[in-house]
Amino acid sequence: GVEVGPQPQGVARADVLDKMRKIVKHGLDFVQLFNEGKEFPPCTIEVFKIMEKVDYPRNKNGEIIAIIHPELQDQDWQPLKNGDPLFLTLDGEVIPYQGNCTVYPTFINEAAYYEKKQAFVKTEKIKLTAKHLRMSVS
């Protein structure tokens, strides 16, 4: 499956549709070249690995007591360091990120995740290395 976004539910965006078409085309091109016996050299790529889902701060009744800080809003895939603003309480108090490493939040303040008690997902940037790849001919 391919998920391309962000995009509000029920909305068709031309720019997001164009990105989806390009990624599907690249995937199909790879399959065709692989099936033709093309050899792909080793490569390394940076990816984002999910660490954990982070909920909104809540009171003892389970009610949300803070929102995503304005400096974090719309900053998916951007580095979040210890001390950076994370949440803003309804009283105006800033709740900073407290972590021992830089993380890369994504799905920040997505409406579809409120019911899942998810303010964002913390990811870490890692490198994956692939060996050369070639279809074996039988």
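Val103 places none of its side-chain heavy atoms less than 4.5 Å from the side chain of Phe120. With a 4.5 Å cut-off on side-chain heavy atoms, Leu33 and Glu36 count as touching. Asn100 is not listed as a side-chain neighbour of Asn82, based on a closest heavy-atom distance of 4.5 Å or more. Two residues are said to be in side-chain contact when any heavy atoms from C-beta on lie closer than 4.5 Å; Pro70 and Leu88 meet this criterion. The side-chain heavy atoms of Tyr97 and Lys122, taken from C-beta on, include a pair separated by under 4.5 Å. Looking at heavy atoms from C-beta onward, Leu86 lies out of side-chain contact with His69 at the 4.5 angstrom threshold. The closest side-chain heavy-atom distance from Pro42 to His132 is below 4.5 Å.
Taking every heavy atom of both residues into account, Leu72 and Pro85 meet most closely at CB-O, 4.1 Å. The nearest pair of heavy atoms linking Cys101 to Met51 is SG-CE, 4.3 Å. For Pro57 against Ala66, the heavy-atom pair with the smallest separation is CG-CB, 3.8 Å.
At most 12 non-hydrogen atoms from other residues, nucleotides or ligands lie less than 6.0 angstrom from CD1 of Ile23. Heavy-atom neighbours of Ile95 CD1 from other residues, nucleotides or ligands within 6.0 Å: above the threshold of 12. For Arg58, the CZ atom sits in a packed shell: over 12 heavy atoms of surrounding residues, nucleotides or ligands are nearer than 6.0 Å. Atom CD of Glu115 has 12 or fewer neighbouring heavy atoms from other residues, nucleotides or ligands inside a 6.0 Å radius. At most 12 heavy atoms of other shown residues, nucleotides or ligands fall within 6.0 angstrom of atom CD1 in Ile45.
Hydrophobic clustering (ILVMFWY, side-chain heavy atoms < 4.5 Å, transitive): Ile50 and Phe107 are in one cluster. Both Val54 and Ile64 are members of a single hydrophobic cluster when ILVMFWY side chains are connected at heavy-atom separations under 4.5 Å. Cluster annotation: Ile108 and Tyr56 are assigned to the same hydrophobic cluster (Ile/Leu/Val/Met/Phe/Trp/Tyr, side-chain heavy-atom contacts under 4.5 Å, transitive).
Considering CG of Leu28 and NZ of Lys25, their distance stands at 8.5 Å, rounded to 0.5 Å. Interatomic distance, CD of Gln75 versus CD1 of Ile68, reported as 11.5 Å (0.5 Å rounding). Separating the CD1 atom in Ile65 from the CZ atom in Phe87 is a distance of 10.0 Å, to the nearest 0.5 Å. With rounding to the nearest 0.5 angstrom, the NZ atom of Lys53 is 5.5 Å from the CD atom of Gln118. Atom-to-atom distance recorded for Thr123:OG1 and Glu52:CD is 11.0 Å, nearest 0.5 angstrom. For the atom pair CZ (Phe30) and CG (Leu133), the distance works out to 5.0 Å, reported to the nearest 0.5 Å.
For the residue pair Tyr114/Asn109, the side-chain donor-acceptor check at 3.5 Å is satisfied.
Within the 3.5 Å criterion, the main-chain N or O of Asn61 finds a donor-acceptor partner in the side chain of Asn59.
Salt-bridge annotation for Lys19 and Asp15: absent, with no side-chain N of the basic residue lying under 4.0 Å from a carboxylate O of the acidic one.
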